[in-house]
Amino acid sequence: MAELSIEYLPYEDFKKMKPKKVINMIRKKNRILIIPKKLNPKEEAMLIEEAMNAADIEKFKGIEIASIVKEEEKGFWKFLRKFKQDDGITLIGNADAIKEIKSRKNYAILKVK
Amino acid sequence: MVFKRIKNIIKKSFISKLFKKKKKIKVGFYGPPNAGKSTLANRISQDFTDEGFTVASSIPHETREVMIKESVIIKKGDKEVEIDLVDTPGIATKIDYEDFLKHGLKKQEAKARAKEATKGVIDAIKWLENVDAVVMVVDAAQDPLTQVNVTILGNLESRGIPFIIAANKIDLKKASAHKIREVFPNYEVIGISAKTGKGMDYFYEKLIELVSKG
Ligand SMILES: Nc1nc2c(ncn2[C@@H]2O[C@H](COP(=O)(O)OP(=O)(O)OP(=O)(O)O)[C@@H](O)[C@H]2O)c(=O)[nH]1
Ligand SMILES: [Mg+2]
């Protein structure tokens, strides 16, 4: 069975880091970063951009990223709206180890390779 | 007082002239790979200029650089708008060249395509700075609850870029515009088939509305 290691990254530290450094942290396979905050859309876009920048086809394919937020009300739109809020957590994994992260109400499903 | 008023009138007409020049609005087609962005952008171009400008294909990441068709005049009833169509590469968080092998590409081709595709994603994200309005294209036969969709929509919202959602491929049996609407109840979701043309009349109405807003 494959092993996964989970690394905690405080949001304050994340904010101080260059996106490149964050991506470097998960270039090691089988690692998942947990940031105890829902990232905002710009931060998400920046990470995707940097992941694509770092992707080298053979060794690093990119990332899987998802947020878990508390969902009291029905509707994904509300869920999406949560980007304005601080609560929630973000999971970022190496796409080589994590096939998919599905974000659902209050939880996430990780499909591991 | 009078002088000030005259000055204001001059200023206003100057601004309105500037505005008129800016009236040609860049409409970006955004979404995940394979959603049908290029098929839709091409159909619009065909419908109003009789020629296409971008390439669609069943292999994901067909569009790997931003493609632009300038000055397309969209007419519907007594309304018309002039827009630039901006077809962007599909946005993804990862690119696996082995996926292309399944589509029959040779290893070298697949790797080259993957490399270009990573640049395409960066390009598409950067272009968010340049577009005035967006048609977000999603495949209505697929789960819309993906991180890529969330990130794109979140960026459109937080950047204040007006957008509509095209729930594409409604010609497919398992497609449901209704399901997309359920997931995004507060957005304008228009069911279309870029391939067959179904729903395009209503889409053009909404596109003109969108551009008039932008
Ligand atoms: N059934 C059906 N297929 C469609 C429709 N629109 C597009 N397609 C097909 O979906 C595939 C992808 O279409 P594209 O237009 O290349 O998709 P795209 O979003 O531009 O994809 P990328 O450039 O890779 O990001 C092609 O095989 C199209 O023929 C539609 O309305 N119905
Ligand atoms: Mg395309």
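These numbers were taken from a predicted model, which means no experiment stands behind them. Chain letters run A, B, ... following the sequence lines, proteins first, then strands; residues in each count from 1.
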> Taking atom CD of B:Glu205 as the centre, does the number of heavy atoms from other residues, nucleotides or ligands within less than 6.0 Å exceed 12?
Replying inline: yes
> By a 4.5 Å heavy-atom criterion (distance strictly below it), what part of B:Ala110 contacts chain A: side chain, backbone, both, or neither?
Replying inline: neither
>> Is A:Asp96 close to chain B through its backbone or its side chain, or both, or neither, when contacts mean heavy atoms under 4.5 Å?
In response: neither
> What are the two closest heavy atoms between A:Asp56 and B:Lys115, and how far apart are they?
Replying inline: CA-NZ, 4.4 Å
> NZ of B:Lys76: more than 12 outside heavy atoms within 6.0 angstrom?
Replying inline: yes
> Can you name the nearest heavy-atom pair linking B:Thr93 to A:Ile63, along with the distance?
Replying inline: OG1-O, 2.7 Å
> Where do A:Asn53 and B:Ile122 come nearest, in terms of heavy atoms and distance?
Replying inline: N-CD1, 3.7 Å
>> Can you tell me how far apart NZ (A:Lys61) and OG1 (B:Thr118) are? Round to the nearest 0.5 Å.
In response: 14.0 Å
> When rounded to the nearest 0.5 angstrom, what distance separates CD in A:Glu44 from CD1 in B:Ile152?
Replying inline: 11.0 Å
> Which region of B:Lys119, side chain (C-beta onward) or backbone (N, CA, C, O), has a non-hydrogen atom less than 4.5 Å from a non-hydrogen atom of chain A, or is it both or neither?
Replying inline: neither
> Roughly how far, to the nearest 0.5 Å, is the CD1 atom of A:Ile101 from the OG1 atom of B:Thr146?
Replying inline: 13.0 Å
>> Please evaluate residues B:Gln147 and A:Ile48 with respect to the criterion side-chain contact (heavy atoms from CB on, under 4.5 Å), reporting the C-alpha separation (whole Å), side-chain torsions for both, the decisive distance (0.1 Å), and the verdict.
In response: CA-CA 11 Å; B:Gln147 184 60 43; A:Ile48 295 174; 5.6 Å; no
> Looking at A:Lys99 and B:Lys94, what are the two nearest heavy atoms and their distance?
Replying inline: O-NZ, 2.6 Å
>> When you compare the side chain of A:Met52 with that of B:Ile95, does any pair of heavy atoms fall below 4.5 Å?
In response: yes
> Do you know the tightest heavy-atom contact between B:Ile125 and A:Ala45?
Replying inline: CD1-O, 3.8 Å
>> I need the A:Glu58 CD to B:Lys111 NZ distance, nearest 0.5 Å.
In response: 3.5 Å
